[in-house]
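Note sheet for the following structure.
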Amino acid sequence: MTEAHERTTDVAISGPTPSAATNLLSGLNAAQREAVEHIDGPLLIVAGPGSGKTRVIVHRIAYLVRVVGVSPSRICAVTFTNKAAREMRDRLGRLLGTQAERLTAGTFHALCAQILRRDGAAIGISKDFVIYDSDDQTSVLKRAFDAEQIDPKHFSPNAVHAAISRAKAKLIDVETYTAQAVAPYDRVVARVYARYQVMLAQSQAVDFDDLLFRAYVLFRDHPEVLEKYQSRYQHLLVDEFQDTNVAQYALARQLAGRQHNICAVGDPDQAIYSWRHADVRNILSFQRDFPGAKVVRLETNYRSTPYVIQAAAGVIAANTQRIEKDLVPHKTGGVPVVITEAYNEEEEAHWVVREADRLRRDEGFRYGDCAVLYRVNAQSRAFEEACLRYGLPYRLVGAVRFYQRKEVKDLVSYLRLAMNPQDEVSLARVLNVPPRGIGQKSADDLVRWARELGVSTVEAVHRVANLSPQPSPRYGERERTAPLSADLTPSPSPYYGEGERGGDAIPITRIARVPLARFSELVRALADAVTTVSALEVLDLALERTGYKEFLLKAEEGGEERWDNVQELRALAAEFAEMPPPEGLVAFLERVALVSDTDNLDEAKDGLTLITLHQAKGLEFRAVFLTGLEEGLLPHIRSMDDPQQLEEERRLCYVGITRAEERLYLTRAFRRHTAGGSMAGMPSRFLKDIPVTALTHPSTLQKTTVPEPRMTRRERERAASLTPGPSPLNVERGGAARPAAPDKPALRPGDHVRHAKFGEGVVVSFQPSGSDHEVTVAFAEGGVKRLLYSMAPLERV
DNA sequence: ATGTTTATTATTTTT
DNA sequence: TAATAAACAT
């Protein structure tokens, strides 16, 4: 590559910079430079939080391209989320321009889907295979239990599912599993596993785990295919390496080939997905499997203040199974970490929301600079309610996932069915949606009949439809028919057999024939459309022919909103309109299956972010509220009896703390509503590992003291009863309870008010609530709202 | 085929 | 407790 060419493609160079190399290395510290400049052979980057990891990755790729002369199309970067892949490409685009588009960047799953789509035929995978998500998996599993006559009350389907998933993540196939299964429980799992795989094959489906497993098998059994990819990708990069599983690591090794140009980036202290079979030991294996690997440690933290770093270091240092790693703060100054206790989760939420509002008002923060982190999704509720009450905007991440919504799944199922009518899960889902007179009874009969004939369910649908060339106009009329088996040639089913054979003939006359005939027509029409029109048009055809819009809007419960979701899906489908008929739909379905909701976090909107600790990985915020620091919640009760899991909880806490750039608040509730009652929880053990020096600041009134975890529950109760006064809400704001907003006159029911956001309304009630007043207002538009008097932007009209 | 009652079960969830 | 699924009755 010539110097002149580099100049023209590099948007980052604008001055008289001597060369691409100097330019790409400037502004990097010594360790970062070392990582960027390493070209040949294995490289392991151990990158602490906020150490400029992404910057190093992006610069290293740019360096390979611009200085070493590697074509971007010969570099493969594997990330853990689609969002991370997109970010990487975007940032690379700023260094390389349009060239960056030729880089392969994606998740392991997306990459494997692509490989299997292209070369899966070698191991018997159809080009039209469908990807089953966890809901789909559950429904297959249910049928597998049924077929194996295993009582789901006896063996938890969830546990069996987890066992199968774990096996796949460890590259254990059905045969091996069966051979190893000795204990009665394992034998049950083995049976279900076998049946489950057969059912997936029958539907031409693969699940998430299969994407990895099958790609591995393809490479293992077909060296010529592997060779193709090995020679294409000269350089391989794996991000978030600490959270890869055995299958993913095996794939990485296969792809790295003999050249061993593999760069793994990770941080063992941030390994938080072992429950999804990630194995931190991959980091240790890396150095064994790639002897002579260069190891670079990035330990300078550019994100957080020294106070935050101190707190983080204190927490993580208590882990025993750990490679010591220092975090050196680059920033100076800052504000101490605040620890606070609220009486219950409601007050915890109020306190947090108020403080976030104060940061915005007094300290130049935006709501979007603040995030509330919690261990379990259930905690989000209190914060959501508090935000609503204060009229504070918020962004709730990943609560109801877009692609899990009923309406979206329904329509996606129609598209999948259009593409691949063998897809049993999708067929079962849409058979009677919207209701078309095919009830549970008819559906069951249909499926039983299909089994008996050894054909797929769609095939059975078509056959039923053909039974009556001129469908009787009156549905439900029972007529005698000629024996069905005569022209239907039953054949022994490879999947269902024995038990069902020789039983009574299925009373096919009772099957809702007319609706089935119409459904058969619909499936045919959709299947035809697949090859002739775009994904969007297929979707619109499905919408039109099913009357889905009317169905949604009629089914009241938030029909409008659900229709909006459909529109959103249409918008996504429109993005694939350019592609020729079958590929567009395939690509669309793949995107739907492999894209997570976190990707759609709307960063444009200003609002307090409510997010789980797991989802917060990789993000950063100026102010972080790490909530629910109680024994049983963080660490979670289900992790408390296992030292390994306990260490993971600690890492989770560490991840949370290190999201903070400037402000860190650690909150807990003395009492919390949990399953069936209210429990007083002890302060989290992690709190006592936070050095006092991170908490104290001479000029701050630190009302809350460092927690005393050794106090018994009784003592706590007593202590609480002795101080019934001000809630922590007021503690920070002057120490004593004070009447809320004394400058405002009280409101009375019947008063007319105007709210900044909700418009005009009438006061319904005005009642004291703690140190404040709760105002209930009926707004002309926007319904009845409960607001906190001191907070709500209300004025009397 | 639909609404009503009872039963069940409740970590995290990048794909 | 509370949310949802399955079973049940209408």
Side-chain angles (χ1 to χ4, degrees), chain A residues 78-86 106-113 131-138 142 152-153 156-158 161-162 165 168-169 206-213 215 239-240 242-245 247-248 270-278 345 373-381 397-401 403-404 432 434-443 476 512 515 555 590-599 601 611-619 628 632-640 645 648-649 651-653 655-656 672-679:
Chain A
V78 188
T79 57
F80 254 63
T81 60
N82 295 290
K83 190 180 162 212
R86 201 171 47 221
T107 63
F108 268 112
H109 291 84
L111 193 66
C112 290
I131 300 167
Y132 275 0
D133 69 15
S134 37
D135 283 352
D136 304 326
Q137 290 173 44
T138 306
K142 225 186 243 169
K153 277 167 194 154
S156 148
N158 278 341
H161 187 200
S165 177
K168 289 183 180 182
V206 299
D207 63 20
F208 286 140
D209 300 310
D210 279 340
L211 285 172
L212 308 173
F213 194 0
D239 195 11
E240 303 289 8
Q242 77 283 353
D243 283 323
T244 52
N245 65 26
Q248 289 166 330
Q270 293 184 69
I272 54 174
Y273 278 99
S274 76
W275 52 276
R276 295 201 29 143
H277 320 122
E345 71 261 50
L373 273 50
Y374 39 80
R375 177 68 237 261
V376 303
N377 274 125
Q379 286 174 260
S380 71
R381 217 188 95 176
V397 181
V400 194
R401 329 190 80 222
Y403 295 104
Q404 312 250 105
N432 197 33
R436 54 169 68 87
I438 308 170
Q440 199 54 53
K441 186 83 181 67
S442 294
E590 201 148 293
R591 170 86 153 265
V592 167
L594 296 178
V595 162
S596 81
D597 225 34
T598 324
D599 298 353
L601 205 157
I611 193 169
T612 65
L613 284 165
H614 284 91
Q615 289 182 311
K617 186 173 89 160
L619 304 179
L633 194 55
L634 186 65
H636 196 274
I637 189 150
R638 303 266 283 251
S639 305
M640 287 182 15
Q645 288 187 51
E648 182 149 317
E649 295 289 307
R651 292 194 290 269
L652 202 47
C653 184
V655 166
R672 189 177 288 277
H673 292 286
T674 45
S678 168
M679 277 268 294

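Chain A is the first sequence line, chain B the second, and so forth, proteins listed ahead of strands; every chain is numbered from 1. We use all heavy atoms of the structure for the numbers below, so side chains are in, but hydrogens, waters and symmetry mates are not. Source: prediction; values computed, not measured.
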Can you identify which nucleotide, out of [options], has its nearest atom closest to the [X] side chain?
X: A:Ser639; options: B:dT11, C:dA3, B:dT12; result: B:dT11
X: A:His636; options: B:dT13, C:dA3, B:dT11; result: B:dT11
X: A:Lys142; options: C:dA3, B:dT12, C:dA6; result: C:dA6

In whole Å, what is the span from the [atom1] atom of [X] to the [atom2] atom of [N]?
X: A:Tyr374; N: B:dT12; atom1: OH; atom2: C1'; value: 12 Å
X: A:Glu240; N: B:dT13; atom1: CD; atom2: C1'; value: 15 Å
X: A:Gln379; N: B:dA10; atom1: CD; atom2: C1'; value: 14 Å
X: A:Leu594; N: B:dT13; atom1: CG; atom2: P; value: 19 Å
X: A:Asn377; N: C:dA2; atom1: CG; atom2: C1'; value: 16 Å
X: A:Lys83; N: B:dT13; atom1: NZ; atom2: P; value: 15 Å

pi-stack flag for A:Trp275 and B:dT12, centroid dist under 5.5 Å, interplanar under 30°
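Yes, A:Trp275 stacks on the base of B:dT12.
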Would you please determine if the base of B:dT12 is stacked by A:His614, with stacking meaning a centroid separation under 5.5 angstrom and planes under 30 degrees?
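A:His614 vs B:dT12: stacking no.
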Of A:Arg436 and A:Ala110, whose closest DNA chain B nucleotide lies nearer the 5' terminus?
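Residue closer to the 5' terminus by nearest nucleotide: A:Arg436.
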How do A:Val376 and A:Ala593 order along DNA chain B: which one's closest nucleotide is nearer the 5' end?
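Taking each residue's closest nucleotide, the earlier one in sequence belongs to A:Val376.
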[X] versus [Y], closest heavy-atom pair with distance:
X: A:Asp239; Y: A:Thr79; answer: CB-CA, 4.3 Å
X: A:Ile438; Y: A:Ala443; answer: CG2-N, 4.3 Å
X: A:Glu648; Y: A:Tyr273; answer: OE2-N, 3.5 Å
X: A:Lys168; Y: A:Ala247; answer: O-CB, 4.3 Å

Is [X] touching bases, backbone alone, or none of the nucleic acid, heavy atoms closer than 4.0 Å?
X: A:Arg381; answer: sugar-phosphate
X: A:Asp243; answer: base
X: A:Tyr273; answer: base

B:dT11 versus C:dA6 - spacing of their C1' atoms, nearest Å:
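One C1' to the other, the span is 24 Å.
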Does any N or O in the side chain of [X] come within less than 3.5 Å of the main-chain N or O of [Y], such that one atom is a donor and the other an acceptor?
X: A:Asp207; Y: A:Tyr132; answer: no
X: A:Arg436; Y: A:Pro515; answer: no
X: A:His161; Y: A:Thr138; answer: no
X: A:Glu649; Y: A:His636; answer: yes

If you compare every side-chain N and O of A:Asn432 against the phosphate oxygens of B:dA1 (OP1, OP2), does one of them come in below 4.0 Å?
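The answer is no; no side-chain N or O of A:Asn432 sits under 4.0 Å from OP1 or OP2.
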When you measure from the side-chain N and O atoms of A:Arg638 to the phosphate of B:dA10, is any distance below 4.0 Å, counting only OP1 and OP2?
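No, no such contact exists.
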Just the dot-bracket of DNA chain B, please: which string comes out with Watson-Crick or G-U pairs under 3.5 Å, [ ] for crossing, | for another strand?
||||||||||.....
